[in-house]
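Reading through the structure tokens given below for one structure.
Everything quoted here is computed from the prediction, not taken from an experiment. For reference, positions follow the sequence shown, starting with 1.
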Amino acid sequence: MSESANNIQAFYAGIHAMPCTNRCQHCWAEGDPCHARMTPERVGFILDKLADLKSLGMDSSFIFYDEPTYHPQFLDFMEKASGLGLIGEQFFLATNGSILAQASDDTWTRLGDTGCACLQLTFYGLEKTHDVFAGRKGAFRDIVRTIHRATEHGLEWYAGVILHPDNVRELPVTLDTVRSYDPEGRARVGWFPFLWQGRGREAKRIRFGQYAALPTGLREKAGMFMQEKDVVERILSSPELADQHPMASGCSAVVFHVDVELNVYWGGSCDSGGIGWAVPEIKREFCLGTLNEAGFQPFLQAYRMKTPRPLKLLSSVTWGELASRYGNRRGDEIYFLRDLPENKWLAAYLIENLMGS
């Protein structure tokens with residue numbers, strides 16, 4: 001393996017291999033029941049190439065996006081990945097529970113035997129609110145049933161509650177309800193606003209007036225959740241933040257996304273699509289090529305040696321400049337602090353500097 005590739009500590013392939021049973025209003029991956037399904041041969045090919053990379057000494061794994069259990073060969077994929085050593089102690093399965101809720105004991109046993117020990121779940125409010133936001137009646141009952149089934153079969157779970165205008169009033173009850181599904185108190189349950197990526201660019205956000213109505217204890221735990229005008233002020237008043245450059249990445253691992261045609265895209269972090277999903281108009285700029293027998297190594301070498309054109313612009317702009325030029329000084333919508341300079345404002349900057357070039 002080349003010296004440049006050896007400098008990468010961990011690598012994930014984000015596999016967009018199947019449709020989704022839901023159509024959630026905030027989804028950064030824009031999951032949809034109408035999306036194409038990757039052939040079993042192609043999924044197996046991706047896993048084989050990840051195993052090749054792992055055999056060369058790189059910590060390699062994968063993440064299935066959309067709803068992985070919706071693929072008829074899902075368990076076959078998991079068992080193959082397990083046999084190739086791609087499912088480690090930190091592996092988790094993100095799911096909406098729609099298929100696992102109805103799964104047989106044998107299916108749950110097979111899933112556990114792969115080494116998958118944890119499920120990542122997302123709630124959007126209490127039952128009626130959750131189903132509307134997810135775009136499917138019965139979505140809430142499925143995810144609750146999945147929790148009970150996971151507990152029966154010894155799998156852990158953790159859950160996030162997405163904050164949006166229609167669930168903010170019921171957030172305290174929602175959190176208490178979700179935690180009640182884990183009487184031993186082992187599961188982690190958090191809450192947060194959604195990212196400004198994919199459908200999250202257009203979805204309605206809570207405003208400060210709604211946010212301020214939350215119990216003080218919840219708001220004190222929020223940390224970096226702020227209204228846009230406060231983010232602008234905080235960045236401009238802090239030289240350390242103002243001088244920071246966008247990273248377009250949220251974790252230490254390198255993440256590439258692979259679509260149903262085996263096209264490989266430079267990604268963001270393990271749990272988002274990065275700037276390519278915040279600016280779909282320039283997503284093609286992040287395409288590294290099509291996966292073939294040479295595997296992921298050439299793409300990793302290209303990643304180190306040839307920076308995608310949009311990312312070259314990141315070193316020429318700071319958070320402070322983005323806040324000054326694109327920040328809404330009257331904006332009262334709630335965001336993660338980093339979501340604005342790394343997604344929303346950065347998207348405006350890249351469109352302005354790339355679309356006309």
ring-ring contact (aromatic ring centres under 6.0 Å, His included), that's the test. Do Phe225 and Trp191 meet it? Break it down for me. CA-CA 10 Å; Phe225 307 166; Trp191 60 281; 5.4 Å; yes
Carefully, step by step, assess Val317 and Trp345 under the rule side-chain contact (heavy atoms from CB on, under 4.5 Å). CA-CA 11 Å; Val317 68; Trp345 301 342; over 6 Å; no
Evaluate Arg338 against Gln244 for side-chain contact (heavy atoms from CB on, under 4.5 Å), listing each step before the verdict. CA-CA 11 Å; Arg338 295 185 62 89; Gln244 189 166 321; 3.4 Å; yes
Pair Glu333-Lys204, salt bridge (charged side-chain N to carboxylate O under 4.0 Å, His left out): steps then yes or no: CA-CA 9 Å; Glu333 292 183 327; Lys204 293 188 299 181; over 6 Å; no
Apply salt bridge (charged side-chain N to carboxylate O under 4.0 Å, His left out) to residues Arg205 and Asp332 and explain how you reach the verdict. CA-CA 10 Å; Arg205 291 181 172 274; Asp332 64 347; over 6 Å; no
After noting the C-alpha distance and the side-chain angles of Val232 and Asn328, does the key distance pass the side-chain contact (heavy atoms from CB on, under 4.5 Å) rule? CA-CA 7 Å; Val232 174; Asn328 183 350; over 6 Å; no
Going through the checks in order, is the side-chain contact (heavy atoms from CB on, under 4.5 Å) test met by Glu285 and Tyr265? CA-CA 9 Å; Glu285 298 274 358; Tyr265 294 85; over 6 Å; no
Under the criterion side-chain hydrogen bond (donor to acceptor under 3.5 Å, both in side chains), I'd like the reasoning laid out for Trp319 against Glu342: C-alpha separation, chi angles, the key distance, then a yes or no. CA-CA 8 Å; Trp319 278 20; Glu342 299 288 338; 3.1 Å; yes
Under the side-chain hydrogen bond (donor to acceptor under 3.5 Å, both in side chains) rule, what do Ser98 and Asn22 come out as? Steps first, then yes or no, please. CA-CA 9 Å; Ser98 57; Asn22 294 347; 5.5 Å; no
Derivation and outcome, side-chain hydrogen bond (donor to acceptor under 3.5 Å, both in side chains), residues Ser82 and Thr114: CA-CA 5 Å; Ser82 178; Thr114 65; 5.5 Å; no
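Side-chain contact of Ser104 with Asp106: a donor-acceptor pair under 3.5 Å is absent, judged by distance alone. Judged by distance alone, the side chains of Glu352 and Tyr326 do bring a donor and an acceptor atom under 3.5 Å apart. Side-chain polar atoms of Glu127 and Thr129 form no donor-acceptor pair below 3.5 angstrom. Looking only at atom types and distance, the side chain of Asp142 has a donor-acceptor partner in the side chain of Gln102 under 3.5 Å away.
Hydrophobic cluster membership differs between Leu175 and Leu126, with clusters built from Ile, Leu, Val, Met, Phe, Trp and Tyr side chains linked at under 4.5 angstrom. Residues Val178 and Val132 do not share a hydrophobic cluster, clusters being chains of Ile/Leu/Val/Met/Phe/Trp/Tyr side chains in contact below 4.5 Å. Under the 4.5 Å side-chain heavy-atom criterion for grouping Ile, Leu, Val, Met, Phe, Trp and Tyr, Ile99 is not connected to Leu155 through any hydrophobic cluster. Under the 4.5 Å side-chain heavy-atom criterion for ILVMFWY residues, no single connected hydrophobic cluster contains both Tyr211 and Val173.
Within a 6.0 Å radius of CD in Glu152, other residues, nucleotides and ligands contribute more than 12 heavy atoms.
Rounded to the nearest 0.5 angstrom, Leu93 CG and Leu121 CG are separated by 9.0 Å. Of the inter-residue distances, the one linking Asp52 atom CG with Leu47 atom CG reads 11.0 Å to the nearest 0.5 angstrom. Atom CG of Asn96 sits about 8.0 Å away from atom OG1 of Thr146, to the nearest 0.5 Å. The SG atom of Cys27 lies 9.0 Å from the CG atom of Asp32; values are rounded to the nearest 0.5 Å.
Panel note: side chain His35, backbone Ala17; no donor-acceptor pair is recorded below 3.5 Å. With Arg141 contributing its side chain and Gly138 its backbone, the two residues share no donor-acceptor pair below 3.5 Å. Distance alone, capped at 3.5 Å, places no donor-acceptor pair between the Asp230 side chain and the Met226 backbone. The main-chain N or O of Ile162 is found under 3.5 Å from a side-chain atom of Asn167 such that the two form a donor-acceptor pair. Listed for the Ser60 side chain is a donor-acceptor partner under 3.5 Å among the backbone atoms of Met58. Between the Ser316 side chain and the Leu313 main chain, a donor and an acceptor come within less than 3.5 Å of each other. Put simply, the side chain of Lys49 never gets that close to the backbone of Ala294: no donor and acceptor are under 3.5 Å apart. Remark: the backbone N or O of Ala278 is not paired with any side-chain donor or acceptor of Asn343 at under 3.5 angstrom. Side chain of Arg149 to main chain of Ala103: a donor-acceptor pair is present (N/O by atom type, distance under 3.5 Å, no hydrogens or angles).
Under 4.0 Å is where a charged nitrogen must lie from a carboxylate oxygen, and between Glu261 and Arg42 at least one such pair does. No salt bridge links Arg110 with Asp113; every basic N to acidic carboxylate O contact stays at or beyond 4.0 Å. Salt-bridge formation is not detected for the pair Arg199/Glu30: no Lys NZ or Arg NE/NH1/NH2 atom is positioned less than 4.0 Å from an Asp or Glu carboxylate oxygen. Between Lys344 and Glu228, at least one side-chain N (NZ, or NE/NH1/NH2) sits under 4.0 Å from a carboxylate O, which counts as a salt bridge. The pair Asp131-Lys137 does not count as a salt bridge, with every side-chain nitrogen at least 4.0 angstrom from each carboxylate oxygen.
Taking each heavy atom of Thr122 and Ile143 in turn, the nearest pair found is O-CD1, 3.2 Å. Closest approach of His245 and Leu314 over heavy atoms only: ND1-O, 3.4 Å. Of all heavy-atom pairs spanning Pro298 and Gly295, the tightest one is CD-O, 3.4 Å. Residues Asp259 and Met38 come closest through the heavy atom pair O-CE, 3.0 Å. Residue Val260 comes nearest to Ala36 through the heavy atom pair CG1-O, 3.8 Å, listed as atom of the first residue, atom of the second, then distance. Annotation for Leu214 and Val168: closest pair CD2-O, 3.5 Å, computed over non-hydrogen atoms.
Aromatic ring centroids of His257 and Phe286 lie 6.0 Å or more apart. Centroid-to-centroid, the aromatic rings of Phe11 and Phe296 come within less than 6.0 Å. A distance below 6.0 Å separates the ring centres of Phe123 and Phe140. Taking the six-membered ring wherever Trp is involved, the centroid distance between the rings of Phe92 and Trp157 does not fall below 6.0 Å. Remark: aromatic rings of Tyr65 and Trp28 are close, center separation under 6.0 Å. Between Tyr12 and Phe256, the distance from one ring center to the other does not fall under 6.0 angstrom. Two rings, from His164 and Phe194, have their centers 6.0 Å or more apart. Taking the six-membered ring for Trp and the full ring otherwise, the centers of Phe64 and His16 sit at least 6.0 Å from each other.
For the pair Arg37 and Tyr70, the cation-pi criterion (under 6.0 Å, within 45° of the ring axis) is fulfilled.
Of the listed residues (Lys80, Gln73, Glu79), just one forms a side chain to side chain contact (heavy atoms under 4.5 Å, CB included) with Phe77, and that residue is Gln73.
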